[in-house]
A.B. asks: 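Shown below is the structure under consideration.
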Amino acid sequence: MNPVIKLDNIRKTYQTGEVEVHAVRGISLDVMPGEFVAIMGSSGSGKSTLMNTIGCLDRPTSGGYFLDGVDILAQSRNDLADIRNRKIGFVFQGFNLLSRTTALENVEMPMLYSHRGASAREQRKNALRSLELVGLAQRADHKPNQLSGGQQQRVAIARALVNHPSLLLADEPTGNLDSQTSIEIMGVFQKLNDQGITIVMVTHELDIARYTKRNLILRDGLVVKDEPVPNRLNAESELSHLREAHQAIKLTA
Amino acid sequence: MRIFATFRIALRALRRNKMRTVLTMLGMIIGVGAVIASVSITSGAKQQVEQQIASLGENMLLIFPGSFSSSGARLGWGNWHSLKLPDAVAIQTQIDGVTAVSPENRTRAQIIAGNQNWNTSVQGESPEYLQIRQWGLAEGEIFGPEQVRTAAKVCVIGQTVAKQLFPMGDALGQMVRIRDVPCQIIGILNPKGLSPMGSDQDDVVIVPYTTELKRINRETWLDVILVQAVSSAAMPIVQQEISSLLVQRHHLKPEGERDFVVRSQEDIAQAATTTARVMGVLLAGVAAVSLIVGGIGIMNIMLVSVTERTREIGIRMAVGARGGDILVQFLIEAVTLSLIGGGIGIASGMGVSTLLSSITEWPTVTPVLWIIIASLSSAVVGVVSGFYPAWKASRLDPIEALRYE
């Protein structure tokens with residue numbers, strides 16, 4: 001099986017004034033289909049730069065990057081936009097939904113830029129199916145400000161999934177959420193991963209990383225630890241534990 | 001990227017900031033509206049002048065007696081009794097492309113009918129006069145060649161004269177005295193309205209030119225010869241041939257001073273519409289300035305909008321929008337803004353001119369051409385003023401844009 005992501009000695013250097021900042025200093029990485037990877041590290045460790053590179057938003061200074069076998073560094077700006085559209089789904093920390101735009105229209109947006117030529121009705125159907133997948137079909141006509149944080153993040157996940165990408169990239173997806181909602185979102189991710197979607201996620205929360213299958217720890221632009229997760233947590237059982245605990249202190253009915 | 005979907009996104013973005021959208025459009029609305037309103041008013045005025053000039057007659061040439069010098073003193077046009085009846089006859093018989101000729105001699109005279117009297121212009125004409133002037137009769141008939149030959153004591157009167165002398169409206173068949181010559185009214189003319197110079201064309205009495213020359217005015221010369229050419233294309237040739245004929249008849253040197261002048265209706269029309277043309281040029285200037293001002297407003301707002309929506313642009317790029325998609329989106333937004341503004345401007349301009357014409361009774365006409373020009377230039381303004389902001393948006397770096405707060 002070919003890797004979804006193949007990074008070969010990726011380096012990224014920023015020139016800020018007189019000083020050269022080495023954000024990433026030679027990372028090689030293979031991510032196989034069906035993997036669920038958490039990239040961790042303190043701020044400044046280079047994880048955002050790595051994510052932007054994997055997400056085809058940024059080009060490395062040197063090295064090689066193959067996504068689904070495609071040489072990313074050889075692509076033009078427009079080709080990169082098309083690859084982001086077809087192969088990658090993004091989930092951001094701040095949700096990044098368009099305000100004053102319904103959940104459904106937010107989910108439809110990536111399809112506007114795909115050159116497949118689906119009809120408006122097809123787009124609507126796809127968007128609804130995607131919302132169903134994250135359990136929000138009944139909120140399709142709600143605008144972001146009428147949704148809770150967890151629901152907004154689900155809409156963002158639905159948007160990321162709508163073009164059937166081979167890779168889901170999440171940048172601190174639980175960063176703005178409380179602990180219970182975070183676990184709910186991880187539950188969504190686990191379910192999607194079980195269906196075969198490859199997920200790469202950046203997080204700085206250790207307990208969130210324990211829901212993934214593989215943890216990568218970055219420090220000073222280098223991978224210092226790369227290991228499978230022992231005693232992987234299951235979001236569903238964790239949630240029921242949490243509910244029991246809440247019930248005990250009468251937090252919820 | 002579908003144009004229709006982009007258009008919907010643009011409309012949604014414009015709706016999000018209603019007040020700002022309306023204010024931005026206001027620049028276009030006022031600019032285009034002012035242009036359409038003033039174009040409507042000037043072309044209404046122009047059309048009125050043209051109608052008045054057309055009411056003078058169709059394909060008409062006028063031959064006036066010329067100026068001449070007498071012992072060094074140069075007299076103006078019309079002060080010489082150089083035009084005689086045989087000239088008119090010669091024009092009629094010797095020049096091709098002449099369909100009708102009317103030798104005119106006119107005077108002002110007091111007219112008496114019963115206990116009413118009225119001072120008006122008495123014109124001796126040929127029966128073809130009505131054909132040349134495109135003038136019809138309301139009642140009765142025009143005199144015929146026989147009545148011209150016998151210098152019959154008959155007349156045809158204009159509406160104004162009929163109203164003044166016969167308030168009861170029973171003028172046809174009545175007798176009037178024109179300078180002691182009793183004439184029978186055999187016809188009443190249709191109303192003709194004002195001339196381009198504002199005089200009342202209906203204040204007139206028309207008699208056979210023989211009656212005028214022999215009985216009423218007792219002159220031997222003509223004040224003007226009216227000639228109708230067969231078509232407007234034939235007019236320059238007819239005009240030239242009349243000139244050479246009269247030069248020959250009056251024994252003038254071909255290159256020397258002439259004792260007559262031939263004017264065409266077009267010469268008169270040209271003079272009258274010059275003002276309208278000057279107005280038109282001024283209007284075009286005003287239009288250009290107002291469209292530029294409107295365009296600057298749109299560009300300003302689009303620049304603000306691009307900055308404000310940097311994050312949105314970042315999101316769109318992250319999910320796969322190309323630079324071109326973003327460019328088209330903002331361009332369509334600017335064009336939508338300017339087109340809607342232009343459309344409302346056209347409608348309000350037409351509304352204002354209609355309102356004005358109902359208040360002041362000025363005729364107004366909105367030419368379709370100007371509606372097209374206004375729409376097209378609105379679109380052009382949208383593209384031109386939207387391009388720079390849209391281009392700026394399309395060049396944004398997605399990472400920077402996503403980070404923008």
A.B. asks: Spell out, as yes or no, whether a donor-acceptor pair under 3.5 Å connects the side chain of Asn85(A) to the backbone of Val319(B).
C.D. replies: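 A pair under 3.5 Å: yes.
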A.B. asks: Taking CZ in Arg219(A) as the centre, count heavy atoms belonging to other residues, nucleotides or ligands within less than 6.0 Å. Is the count above 12?
C.D. replies: no
A.B. asks: Heavy-atom cut-off 4.5 Å, strictly under: side chain, backbone, both or neither for Arg15(B) against chain A?
C.D. replies: neither
A.B. asks: For atom NZ of Lys87(A), decide whether the heavy atoms of other residues, nucleotides or ligands shown that lie under 6.0 angstrom number more than 12.
C.D. replies: yes
A.B. asks: Looking only at heavy atoms and a cut-off of under 4.5 Å, which of Pro110(A), Gly89(A), Ser99(A) has the most pairs with chain B?
C.D. replies: Pro110(A)
A.B. asks: Can you say whether Arg12(B) sits under 4.5 Å from chain A via the side chain, the backbone, both, or neither, judging by heavy atoms?
C.D. replies: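 Side chain only.
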A.B. asks: Please round to the nearest 0.5 Å and tell me the distance separating atom CG of Leu80(A) and atom CE of Met317(B).
C.D. replies: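 Leu80(A) CG to Met317(B) CE: 12.0 Å, rounded to 0.5 Å.
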A.B. asks: How about Tyr113(A) and Arg316(B): does a side-chain donor come under 3.5 Å of a side-chain acceptor?
C.D. replies: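 Distance-only check passes for Tyr113(A) and Arg316(B).
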A.B. asks: Decide side chain to side chain contact (heavy atoms under 4.5 Å, CB included) for Ile315(B) and Met109(A); before the verdict, give the C-alpha distance in whole Å, the side-chain angles of both, and the deciding distance to 0.1 Å.
C.D. replies: CA-CA 10 Å; Ile315(B) 298 168; Met109(A) 187 179 67; 3.7 Å; yes
A.B. asks: CZ of Arg124(A): more than 12 outside heavy atoms within 6.0 angstrom?
C.D. replies: no
A.B. asks: CZ of Arg322(B) to CG of Asn78(A): how many Å apart, nearest 0.5 Å?
C.D. replies: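 Arg322(B) atom CZ to Asn78(A) atom CG measures 4.5 Å (nearest 0.5 Å).
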A.B. asks: Would you compute the distance between atom CG of Asn17(B) and atom CZ of Arg100(A) and round it to the nearest 0.5 angstrom?
C.D. replies: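 Going from the CG atom of Asn17(B) to the CZ atom of Arg100(A) covers 6.5 Å.
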A.B. asks: Where do Ala321(B) and Ala81(A) come nearest, in terms of heavy atoms and distance?
C.D. replies: O-CB, 3.7 Å
A.B. asks: Between Arg77(A) and chain B, with a heavy-atom cut-off of 4.5 Å, which part of the residue counts as in contact: side chain, backbone, both or neither?
C.D. replies: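 It is the side chain, since no backbone atom gets that close.
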A.B. asks: Write down the atom of Pro398(B), the atom of Leu57(A), and the distance for their closest heavy-atom approach.
C.D. replies: CB-CD2, 3.7 Å
A.B. asks: Is Thr101(A) close to Glu312(B) at the side-chain level, that is, under 4.5 Å between some pair of heavy atoms?
C.D. replies: no
A.B. asks: With a 4.5 angstrom heavy-atom cut-off, is it the side chain or the backbone of Asn52(A) that approaches chain B, or both, or neither?
C.D. replies: side chain
